[in-house]
Amino acid sequence: MAKYKTLDDFEIKDKVLLVRVDFNSEIDPQTKNVTSDVRIKAHAEATLKELAEKGAKTVVLAHQGRKGDPDYTPLKQHAEILQNILNCPVKYVDDVFGDKAKAAIKSLQSGEILVLENVRSWDKETKSGTPEDHSKTDLVQSLAPLADIFVNDAFAAAHRGHVSMVGFTAVLPSAAGRIMERELKSLSKALEKPEKPCVYVMGGAKADDSLEISKYVLGNGIADFVVVGGVTSQLFLAAKGVDLGKKNMDFLAKKELTGLIPGIKALMEQYGEKVVVPVDVALDMDGKRKEIDVSELPTEYPIFDIGAKTVDKYAKLIADAKAIVVSGPMGVYENKEFNYGTKKVFEAIANSKGFSLAGGGNTIAAIQEYGLSDKVGYISTAGGALIEFLMGKKLPGVVALENAAETKRI
Ligand code: 3PG
């Protein structure tokens with residue numbers, strides 16, 4: 001039995017449901033328009049549609065960006081996108097918990113949806129504090145008396161212990177929404193007793209995250225192999241003592257990544273062949289792809305992809321795997337000359353009979369570009385929250401739901 005309540009545990013018809021979703025989307029810095037509606041669509045189709053159909057009065061609480069950042073915007077356009085997806089009227093009010101917001105909530109009819117203003121327009125939203133502290137804030141004290149149930153559907157923000165993520169669970173009956181439920185179930189498949197062999201494919205440039213995840217999944221017997229690509233794999237090669245050449249080493253130093261090398265070296269010494277690194281790489285020779293074996297390094301050209309021999313090696317491990325987790329591309333996949341590694345490895349994952357889970361912005365974009373979305377077992381809506389989950393960290397938003405379930409407040 002799940003440790004948290006779900007929508008199935010509550011009678012929701014005619015009830016006011018305060019639903020925290022994660023509408024935080026990519027924004028065009030010039031036009032301020034939402035450029036990807038993936039998250040809005042996920043919440044709409046999986047949770048908000050069901051609530052409207054069941055006759056709940058739904059109040060949506062969400063954030064977009066952070067004050068001062070280019071992607072910080074009001075939620076008016078998010079409400080319009082939601083309306084188009086659901087093909088039914090969605091109300092919006094440019095207020096979070098003032099008189100306008102309260103009046104709009106009180107006038108909601110069964111089956112209607114209201115989107116409140118960006119919760120981060122209230123400065124205290126992102127302040128740290130315990131759920132009990134947060135439950136005493138103006139936001140919670142103003143909105144909780146108007147609601148019957150709090151629903152947290154924002155798995156992608158569950159690594160944030162912000163007021164709207166954990167404050168309401170201390171005072172209202174609380175449930176996980178369908179996206180929260182789906183993410184937790186699918187991610188648990190990859191982390192709690194995954195079928196063996198289990199392969200983690202770690203690419204991209206966030207080598208610090210990859211190192212932490214590798215330590216956790218290898219240290220706890222979750223992964224049998226960690227295979228690396230992207231900038232991350234350059235650090236792994238450097239940690240093995242391979243001289244990548246001055247240009248590549250300078251690049252890693254400029255990105256402040258070389259400090260990770262001792263930790264990666266220790267990981268490789270401890271887990272030996274379980275950590276699988278490239279045997280060949282593709283160089284950017286004035287815009288043209290040239291593959292060389294790792295034994296031929298150093299080079300004066302930048303490394304932009306893994307090579308074909310590495311792809312074959314990784315594809316064999318992936319074909320034999322029963323569970324695969326992938327985060328991060330294998331190279332500079334945006335450039336056609338260097339998308340080979342990412343495309344082939346991702347195709348191998350899509351064709352594998354094992355359960356596969358993918359997450360992270362670039363990973364999802366590449367999967368969509370190659371038309372592989374339907375063949376990947378589960379695509380997470382989360383970025384940072386997924387990474388922290390895979391590192392074995394407890395996510396405050398999830399812990400708050402679990403604690404709420406224990407209070408038997410229903
Ligand atoms: C995310 O996109 O990772 C979440 O929405 C959290 O956003 P934040 O990093 O601005 O807190």
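The figures that follow rest on heavy atoms only: side chains count, while hydrogens, waters and symmetry mates do not. Since the structure is predicted, the reported quantities are computational estimates derived from the model, not experimental observations.
A salt bridge does not link K136 to E132: none of the charged nitrogens lies less than 4.0 Å from a carboxylate oxygen. A salt bridge does not link D14 with K57: every distance from a Lys NZ or Arg NE/NH1/NH2 to an Asp or Glu carboxylate oxygen is 4.0 Å or more. Using a 4.0 Å cut-off between charged nitrogen and carboxylate oxygen, E50 and K54 count as a salt-bridge pair. Under a 4.0 Å N-O distance rule, the pair E256/K254 does not qualify as a salt bridge. Using a 4.0 Å cut-off between charged nitrogen and carboxylate oxygen, R39 and D22 count as a salt-bridge pair. The pair D123-K67 meets the salt-bridge criterion, with a side-chain N (NZ, NE, NH1 or NH2) lying under 4.0 Å from an Asp/Glu carboxylate O.
With hydrogens and angles disregarded, no donor-acceptor distance shorter than 3.5 Å links the side chain of D9 to the backbone of K5. Side chain of Y4 to main chain of A400: no donor-acceptor pair is present (N/O by atom type, distance under 3.5 Å, no hydrogens or angles). Side chain of E183 to main chain of A156: no donor-acceptor pair is present (N/O by atom type, distance under 3.5 Å, no hydrogens or angles). A distance-only check finds no donor-acceptor pair linking the side chain of K193 to the backbone of I222 [under 3.5 Å]. Panel note: side chain D284, backbone I303; no donor-acceptor pair is recorded below 3.5 Å.
Using a 4.5 Å heavy-atom cutoff, the side chains of E273 and F225 are not in contact. The shortest side-chain heavy-atom distance between I113 and L48 falls under the 4.5 Å cut-off.
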Practice problem: Kindly determine whether K274 and D224 satisfy salt bridge (charged side-chain N to carboxylate O under 4.0 Å, His left out), including the steps that lead there. | Solution: CA-CA 6 Å; K274 290 180 170 215; D224 300 290; 5.1 Å; no
Practice problem: List the steps and the verdict of side chain to side chain contact (heavy atoms under 4.5 Å, CB included) for V231 and K255. | Solution: CA-CA 10 Å; V231 172; K255 293 266 170 206; 6.0 Å; no
Practice problem: Just do the side chain to side chain contact (heavy atoms under 4.5 Å, CB included) check on D37 and S25 with the steps written out, would you? | Solution: CA-CA 7 Å; D37 65 358; S25 304; over 6 Å; no
Exercise. Show your reasoning for whether salt bridge (charged side-chain N to carboxylate O under 4.0 Å, His left out) applies to R289 and D305.
Key: CA-CA 9 Å; R289 180 184 182 98; D305 196 10; 2.8 Å; yes
In residues 341-363, what donor-acceptor pairs under 3.5 Å come from side-chain atoms, sequence neighbours left out?
from, atom 1, to, atom 2, distance (Å)
T342, OG1, M330, N, 2.9
T342, OG1, G331, N, 3.4
K343, NZ, E347, OE2, 3.2
N351, OD1, K375, NZ, 2.8
N351, ND2, E347, O, 3.2
S352, OG, G354, N, 2.9
S356, OG, G377, N, 2.9
T363, OG1, G328, N, 2.7
T363, OG1, G359, O, 3.2

Return a table of donor-acceptor pairs under 3.5 angstrom between the side chains of residues 91-107 and protein atoms on other chains or two or more places apart.
from, atom 1, to, atom 2, distance (Å)
K91, NZ, E112, OE1, 3.1
Y92, OH, E117, OE2, 2.7
D94, OD1, K100, NZ, 2.7
D95, OD1, G98, N, 3.2
D95, OD2, G98, N, 3.2
D95, OD2, K100, N, 3.1
D95, OD2, A101, N, 2.8
S107, OG, A103, O, 3.3
S107, OG, A104, O, 3.2

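Closest non-hydrogen pair, A46 versus I179, comes out as CB-CD1, 3.7 Å. Residues F10 and P173 come closest through the heavy atom pair CE2-CB, 3.7 Å. Across every non-hydrogen atom of L283 and F338, the tightest pair is O-CE2, 3.4 Å. Nearest heavy-atom pair, A176 versus V151, reported as atom, atom and distance to 0.1 Å: C-CG1, 4.2 Å. For the pair Y200 and A190, the tightest heavy-atom approach, listed with the atom from each and the gap, is OH-O, 2.9 Å. Listed here is the closest heavy atom pair of N248 and Y301: ND2-O, 3.1 Å.
In terms of the ring pair (Phe, Tyr, Trp, His ring centres under 6.0 Å) criterion, residue partners of F150 (sequence neighbours excluded) are, by chain and number, F168. Scanning for ring pair (Phe, Tyr, Trp, His ring centres under 6.0 Å) contacts around F251 gives an empty result, with sequence neighbours left out.
When each of M165, R160, H159 is paired with L395, the side chain to side chain contact (heavy atoms under 4.5 Å, CB included) condition holds for H159 and for no other. Each of L218, D208, I387 was checked for a side chain to side chain contact (heavy atoms under 4.5 Å, CB included) with I213, and the lone residue meeting it is I387. Among V166, V140, V163, V171, the one residue that satisfies the side chain to side chain contact (heavy atoms under 4.5 Å, CB included) test with P131 is V166.
Note that CG of L372 and CD1 of I367 are 7.0 Å apart. Values are rounded to the nearest 0.5 Å. Note that CG of L267 and OG of S214 are 5.5 Å apart. Values are rounded to the nearest 0.5 Å. The CH2 atom of W122 lies 13.0 Å from the CG atom of L116; values are rounded to the nearest 0.5 Å. Here CG of L146 is found 9.0 Å from CG of L18. Values are rounded to the nearest 0.5 Å. Here M285 contributes atom CE and F304 contributes atom CZ; the two are 13.0 Å apart, rounded to the nearest 0.5 Å. Atom CD1 of I306 sits about 8.0 Å away from atom CG of D280, to the nearest 0.5 Å.
Screening residues 68-86 for side-chain hydrogen bond (donor to acceptor under 3.5 Å, both in side chains) gives Q64-H78, K76-E80 as the qualifying pairs, with residues at least two apart or on separate chains. Every pair tested for salt bridge (charged side-chain N to carboxylate O under 4.0 Å, His left out) that includes a residue from residues 313-330 fails, sequence neighbours excluded, so the list is empty.
Summarising the local packing, NZ of K15 is surrounded by more than 12 heavy atoms from other residues, nucleotides or ligands at distances under 6.0 Å. The environment of NZ in K189 is sparse: at most 12 heavy-atom neighbours from other residues, nucleotides or ligands sit within 6.0 Å.
Checked by atom type, the side-chain pair N118/H63 shows no donor-acceptor distance below 3.5 Å.
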